[in-house]
Amino acid sequence: QVQLVASGGGLVQPGGSLRLSCAASGYTLDYYNIGWFRQAPGKEREGVSCIGKDGGVTYYADSVKGRFTISRNNAKNTVYLQMNSLKPEDTAVYYCATTDDYYSDYRCQNLIADFGSWGQGTQVAVSS
């Protein structure tokens with residue numbers, strides 16, 4: 001069974017850090033661009049970051065540049081999102097997703113949420 005599992009969310013104070021993980025089972029992530037997206041209550045899903053197949057390229061939303069870092073470990077079939085200097089506005093459910101078709105590089109670069117497979121999401125809450 002093909003599955004993406006996001007984990008690592010939780011409650012953290014402003015200025016704190018969390019590391020999210022996205023692990024795949026049933027298939028290898030080597031051939032996919034991997035994106036992180038988030039959705040806050042009452043808001044549309046937005047792109048946060050994306051990493052290319054070999055990890056050579058990374059993209060970030062302006063709102064998280066300099067604070068979040070995406071990385072991947074293909075040997076562990078896992079992608080990470082290190083989130084530092086968290087702010088209350090980062091509060092959302094975070095999802096990881098994969099894309100590998102003809103438009104995958106375009107989607108990744110522009111953080112377009114039209115990815116093929118999605119994980120179940122992990123809640124991040126930033127509050128004092």
Side-chain angles (χ1 to χ4, degrees):
Q1 183 180 359
V2 174
Q3 194 175 14
L4 285 173
V5 178
S7 62
L11 174 63
V12 63
Q13 292 186 342
S17 297
L18 285 173
R19 188 175 82 154
L20 305 184
S21 298
C22 175
S25 61
Y27 68 110
T28 178
L29 292 178
D30 292 28
Y31 307 110
Y32 294 85
N33 295 333
I34 312 296
W36 283 99
F37 297 83
R38 66 187 181 186
Q39 189 166 18
K43 295 187 177 181
E44 293 187 356
R45 188 170 296 187
E46 65 171 341
V48 175
S49 183
C50 187
I51 188 166
K53 299 176 182 65
D54 60 0
V57 291
T58 57
Y59 305 100
Y60 297 93
D62 288 343
S63 58
V64 306
K65 279 181 184 176
R67 300 188 298 122
F68 291 11
T69 303
I70 191 170
S71 61
R72 65 191 298 161
N73 185 330
N74 285 346
K76 293 186 177 181
N77 219 25
T78 302
V79 173
Y80 306 97
L81 186 68
Q82 178 67 43
M83 306 188 297
N84 298 329
S85 303
L86 283 162
K87 304 176 181 180
E89 51 263 43
D90 294 318
T91 296
V93 177
Y94 284 70
Y95 301 87
C96 59
T98 63
T99 180
D100 71 333
D101 65 7
Y102 180 81
Y103 297 103
S104 63
D105 291 344
Y106 178 81
R107 290 194 190 93
C108 188
Q109 183 174 0
N110 294 282
L111 300 176
I112 297 172
D114 187 21
F115 280 42
S117 298
W118 292 80
Q120 87 289 1
T122 184
Q123 176 72 54
V124 172
V126 185
S127 174
S128 55

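Because the structure is a prediction, the values reported are computed rather than measured.
- Between Thr91 and Arg38, every side-chain heavy-atom pair lies at or beyond the 4.5 Å cut-off.
- From Ser128, atom OG reaches atom CG of Leu11 across 9.5 Å, with rounding to the nearest 0.5 Å.
- Remark: side-chain polar atoms of Asn77 are paired, donor with acceptor, to backbone N or O of Ala24 under 3.5 angstrom.
- Note: Phe68 and Trp36 fail the aromatic proximity criterion, with ring centroids not under 6.0 Å apart.
- Looking at Asp114 and Tyr103, their side chains never come closer than 4.5 Å, going by heavy atoms from C-beta outward.
- Across every non-hydrogen atom of Thr122 and Gly8, the tightest pair is OG1-N, 4.0 Å.
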Query - Worked check of side-chain contact (heavy atoms from CB on, under 4.5 Å) between Leu111 and Tyr60 - result: CA-CA 8 Å; Leu111 300 176; Tyr60 297 93; 5.8 Å; no
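- By the criterion of side-chain heavy atoms lying less than 4.5 angstrom apart, applied directly or through intervening Ile, Leu, Val, Met, Phe, Trp or Tyr residues, Tyr95 is not grouped with Ile51; the two fall into different hydrophobic clusters.
- Atom OG1 of Thr78 and atom CG of Asn73 lie 6.5 Å apart (nearest 0.5 Å).
- Between Tyr59 and Ile70, the closest side-chain pair of non-hydrogen atoms is not below 4.5 Å.
- Hydrophobic clustering (ILVMFWY, side-chain heavy atoms < 4.5 Å, transitive): Ile34 and Leu18 are in one cluster.
- Cys96 places none of its side-chain heavy atoms less than 4.5 Å from the side chain of Val79.
- Between Lys53 and Asp100 there is no salt bridge, since no side-chain nitrogen of the basic residue lies less than 4.0 Å from a carboxylate oxygen of the acidic one.
- Counting only heavy atoms from C-beta outward, the side chains of Tyr27 and Leu4 approach each other to under 4.5 Å.
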Query - CA sep, side-chain torsions, deciding dist, call: Cys50, Phe115, side-chain contact (heavy atoms from CB on, under 4.5 Å) - result: CA-CA 11 Å; Cys50 187; Phe115 280 42; 4.1 Å; yes
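- In this structure, the side chain of Gln39 does not engage the main chain of Ala92 through any donor-acceptor pair within 3.5 Å.
- Put simply, Phe37 and Val124 are part of two different groups of oily side chains (I, L, V, M, F, W, Y) that touch within less than 4.5 Å, one to the next.
- Residues Met83 and Tyr80 do not share a hydrophobic cluster, defined by chaining ILVMFWY side chains whose heavy atoms lie under 4.5 Å apart.
- By the 4.0 Å N-to-carboxylate-O rule, Lys65 lies close enough to Asp62 to be salt-bridged with it.
- Atom CD of Gln109 is separated from atom OG of Ser104 by 11.5 Å, given to the nearest 0.5 angstrom.
- In this structure a side-chain-to-backbone donor-acceptor pair under 3.5 Å is missing from Asn110 to Ile112.
- Salt bridge Arg72/Asp30: absent, no basic N to carboxylate O contact under 4.0 Å.
- Other residues, nucleotides and ligands contribute more than 12 heavy atoms inside 6.0 Å of the CD atom of Glu89.
- Cluster annotation: Leu86 is not connected to Val93 through the hydrophobic network of ILVMFWY side chains, with a link wherever side-chain heavy atoms come within less than 4.5 Å.
- Listed for the Ser85 side chain is no donor-acceptor partner under 3.5 Å among the backbone atoms of Gly15.
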Query - side-chain contact (heavy atoms from CB on, under 4.5 Å) assessment of Arg67 paired with Asp90 - result: CA-CA 11 Å; Arg67 300 188 298 122; Asp90 294 318; 2.7 Å; yes
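- Screening Thr69, Val64, Val48 for a side chain to side chain contact (heavy atoms under 4.5 Å, CB included) with Leu81, the sole residue that qualifies is Val48.
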